Amino acid sequence: MQSALGAGGPRRLLKRLRDLMAAGATGQQKLDQIVKIIAADFVAEVCSVYVMRPGNILELFATQGLKQEAVHQTRLNVGEGLVGDIAAHARALALSDAQSHPNFAYRPETGEEIYHSLLGVPVLRGGRVLGVLAVQNRTFRDYAEEEIETLQTVAMVLAELVASGDLVALDEMQPTEGIALLPARIEGIRLNEGIAMGRAVLHQPRVTIRQMVAEDPAAELVRLKDAVAGMHSAIDDMLASTGLAEDGEHREILESYRMFAEDRGWLTRITEAVNTGLTAEAAVQKVQDDTRARMSQITDPYLRERLADLEDLANRLLQHLTGDRGATRETRLPDDAVLFARSMGPAELLDYDRRKLKAVVLEEGSPTAHVAIIARALDIPMVGRVKDILIRIETGDPVVVDGDNAQVILRPGEDARDAYAAAIRGRAEKQAIYATLRDLPAVTRDGTAVSLNLNAGLLIDLGQLHESGAEGVGLYRTEIPFMIRSSFPDVATQIDLYRKILDRADGRPVVFRTLDVGGDKVLPYFDTADDENPAMGWRAIRIALDRPLMLREQLRALLRAAGGRQLDVMFPMVAEVAEFDAARALLDLEVERERARGRELPATIRVGVMIEVPALFWQLPVLLTRVDFVSVGSNDLVQFLFASDRGNPRLVDRYDVLSPPVLNFFRALVAPCDKASVPITLCGEMGSRPLEAMALIGIGFRRLSMPASAIPPIKAMTRSLDLPPLVRYLDTLVGRPDHSLRENLRAFARDRRIVL
Ligand code: PEP
Ligand code: MG
């Protein structure tokens, strides 16, 4: 499509806008001129600007072509009409026949029924929609890609005008309207444990761009080049001096970040934006705005991570260009800073002074997000997926971050502050007590030994193995390191990883679970089908048996990594013995292959299975003759037992694991295993809560596996427990018709001073 842009293209348009912005007129006068200039340049009959007002209302602020009476009268809700749609999705719309679009909303006062085509773009600043800029034509016009780009660039200039406070009062720009500054408790997900109190600091380093349109584009290209070079060497310096351990996924993440800084595509897009007439800063910001707009649409976890990296880099580059570097992060940081961000790149966290940074809160994030892995490596409490937190927090607000319980308390009242100060002291005291427990055995008062093991997924988790006093790793989720990579790790990479894990475990057993992907665990580079019920879909062993090469390579890597040592391996989500046999046959094939090649095999190989699908229970007698151990994945097993999705927030409290069906079922599982002398472990989350663990020990479990933070409290509980009365009490409980046995068990523990 041929562009209709006036001669001279975007550069000339931008220059005119710059001259206009520099003129001594009011904001409204400038806006009235801007719509005229744009309409003329785009050869469009209409150009309108809508500005966001309190309550998510878009108000028509200026127009060329629509009726002037509509200005400041026409108001649309975000999401309403095409303009509202552009704002709601923060994305451009180019429609040759706008009226046939399902979202078209006709406003008689504007007289726009005669215009057929529409091109609209969001006015974005700092990832926030400040308004919408739109042009319309009478004819059915197809807008060219270049025109969309140009309108987006113009929208950036507009964003500066809106944000300047000349059009609407600046305090209106603060999106805290309607939300009283009252204490609030907001839930998220735990990204790293720990509790901290401090003062809120907004991460977003608001670099102020003073000039959007370039005086001398050639000089801007030179500035850009210098800033990129400066940024590269600063990143190298930073990564060389992080004080982080040499080894582990965090290193790999930072290395790939460094490579990203040299990404040609990203730098080319910035250069192109400079070529349209923007200053280097404005060009970086434009590309960053585009990235953010795309980010809000993307659900793919890997791509989201990459975009977070890009945002991190864009901020960094802006700081190099404006010379603002470090000003926001070092000098203004209070001694008890709690950082708030929508998302963050991994290197951004390293910019902060670790001694002053007490906790981090993110609107987004997931346990495998790069920044979360760095936070764990640095031991900073972190809570993620805290909805709308950025619009509820102000710099300097007192906050509590409770990473243990995945919640954030904003502006806590005096009582809450005292309570949390006490909780932090109590936690420190508990940690001191736990440290004394570390080398003591987990034995009940009557002398029954319970083996407590660690659930791990990353190399850095292994650091906890010795600190927590765990006997070994009861569940190593091999999919976790796969999830943070950009491509499928080959055999050599896997060998290296598994070998490091065994080295770190230093003789303690590690149970490797083969890949459990699918369900909620997505590998960005592996296309699992769009199952309607992913938890019951093509996942785990089902994928492995359909794609045997993947499993064989993993088993090969495990065998080699464990050469001369003990290898424990188990298969997830097995539903029938035939599946176990098929997986085992692949292992045997690999063992033969290694033997034929004269490679050193593991000294012993123990093969187990996870019990996560109820069907397997009905094959226990024959299963138990084939396996060396079993491990109960209670997270999955319970969801299938109750037919209740473990990820559905509406169902979290619907059924209780401390209920007759679960305890009866688990008891029926343990007994035949004991009889067959097959060790049975429980490795789901259930085992990490003291009351639940008490019940599990009461019905016969002697091995539990859990996250590191749970081991000391479970050990303390175990050591305070006298088992025979509990066993007798449970006998009386499990036949009851109750929905939950929780309160009965809690009362039992209280009466007998069991430490929960
Ligand atoms: C489980 O299902 O209990 C389990 C340990 O596996 P995951 O949580 O990794 O699915
Ligand atoms: Mg599971």
Side-chain angles (χ1 to χ4, degrees), residues 189-190 301 366-368 406 451-458 461 470 472-484 501 510-523 528 531 533-544 554 568-576 579-580 583 608-617 629-648 651-652 655-658 662-663 665-666 669-670 679-689 692-693 695-696 701 703-711 714:
I189 61 166
R190 173 161 83 180
S366 72
T368 52
S451 167
L452 302 183
N453 298 275
L454 181 73
N455 287 352
L458 292 171
D461 297 338
V473 177
L475 168 65
Y476 185 86
R477 291 179 163 106
T478 57
E479 64 277 5
I480 306 280
F482 280 58
M483 282 163 73
I484 58 167
I501 292 164
V510 178
V511 179
F512 288 94
R513 172 175 77 183
T514 61
L515 270 188
D516 181 13
V517 294
D520 59 340
K521 296 170 197 162
V522 204
L523 298 187
T528 41
D531 287 336
N533 283 310
M536 296 197 281
W538 196 52
R539 56 175 286 202
I541 197 71
R542 300 167 187 183
I543 297 180
Q554 184 173 36
D568 295 88
V569 56
M570 67 178 174
F571 303 110
M573 281 293 291
V574 170
E576 53 174 10
E579 280 176 345
F580 173 78
V609 70
M610 287 194 75
I611 302 192
E612 302 186 277
V613 183
L616 204 52
F617 171 74
F629 61 93
V630 300
S631 191
V632 178
S634 55
N635 306 339
D636 275 311
L637 188 54
V638 170
Q639 78 165 336
F640 297 129
L641 201 59
F642 281 124
S644 172
D645 183 348
R646 77 195 236 191
N648 186 334
L651 298 177
V652 272
Y655 303 104
D656 195 347
V657 286
L658 290 180
V662 176
L663 295 184
F665 184 49
F666 283 10
L669 258 175
V670 174
I680 177 168
T681 304
L682 184 135
C683 64
E685 301 310 312
M686 187 180 171
S688 62
R689 295 187 287 267
E692 278 85 337
L696 289 168
F701 278 95
R703 301 177 56 84
L704 300 172
S705 191
M706 62 200 74
S709 57
I711 289 178
I714 301 289

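None of the values given here were measured: they were computed from a predicted structure. When a ligand or atom number is given, it counts from 1 through the structure's own listing order.
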(request) May I ask you to decide if R513's main-chain N or O and Y476's side chain share a donor-acceptor pair within less than 3.5 Å? (result) no
(message) Would the distance check show the side chain of R542 and the main-chain N or O of G537 forming a donor-acceptor pair, the cut-off being under 3.5 Å?
(response) yes
(message) What I want to find out is whether R477 reaches D461 closely enough, with some N-O distance under 4.0 Å, to be called a salt bridge.
(response) no
(message) Counting only heavy atoms closer than 4.0 Å, does ligand 1 sit against the backbone of E685, its side chain, both, or neither?
(response) neither
(request) Please indicate whether any nitrogen or oxygen in N635 is less than 3.5 Å from any nitrogen or oxygen in ligand 1. (result) yes
(request) Would you check if F617 and I611 make a side-chain contact, meaning some heavy-atom pair closer than 4.5 Å? (result) no
(request) List the closest protein heavy-atom neighbour of atom 6 (O) of ligand 1: residue, atom name, distance to the nearest 0.1 Å. (result) R513 NH1, 2.9 Å
(request) Answer yes or no: does an N/O atom from E479 fall short of 3.5 Å to an N/O atom of ligand 1? (result) no
(message) Quick check against the 3.5 Å criterion: does T681 have a side-chain atom that pairs as donor or acceptor with the backbone of L704?
(response) no
(request) Could you tell me the separation between the CD1 atom of I711 and the CG atom of N453, rounded to the nearest 0.5 Å? (result) 7.0 Å
(message) Is there a side-chain contact (heavy atoms from CB on, under 4.5 Å) between V657 and R689? Walk through the geometry before answering.
(response) CA-CA 11 Å; V657 286; R689 295 187 287 267; 4.3 Å; yes
(request) Within a distance under 4.0 Å of any heavy atom of L475, pick out the atoms of ligand 1 and give their elements. (result) 5 (C)
(message) I'd like to check which ligand 1 atoms, numbered from 1 as shown, lie under 4.0 Å from a non-hydrogen atom of G633.
(response) 1 (C), 2 (O), 3 (O)
(message) Need the ligand 1 atom indices (1-based, order shown) with element for anything under 4.0 Å from a heavy-atom of D516.
(response) 10 (O)
(request) Using a strict 4.0 Å cut-off to heavy atoms of G684, name the atoms of ligand 1 that fall inside it. (result) 3 (O)
(request) Of all N, O or S atoms in D636, identify the one at the shortest distance from the Mg ion (ligand 2). (result) OD2
(request) Any atoms of ligand 1 less than 4.0 Å from a non-hydrogen atom of D636? List them with their elements. (result) 1 (C), 2 (O), 3 (O), 10 (O)
(request) Taking the Mg ion (ligand 2) as the reference point, name the nearest N/O/S atom of E612. (result) OE2
(message) Tell me which one of L682, L616, L637 satisfies side chain to side chain contact (heavy atoms under 4.5 Å, CB included) with L669.
(response) L637
(request) Keeping the roles fixed (side chain from E579, backbone from I541), state whether a donor-acceptor pair exists under 3.5 Å. (result) no
(request) Number the atoms of ligand 1 from 1 as they appear, then name those within less than 4.0 Å of a heavy atom of C683, with their elements. (result) 5 (C)
(request) Identify the protein heavy atom lying closest to atom 2 (O) of ligand 1, giving its residue, its atom name and the separation to 0.1 Å. (result) E612 OE2, 2.8 Å
(request) Tell me which part of M573 gets within contact of ligand 1: side chain, backbone, both or neither, using heavy atoms under 4.0 Å. (result) neither
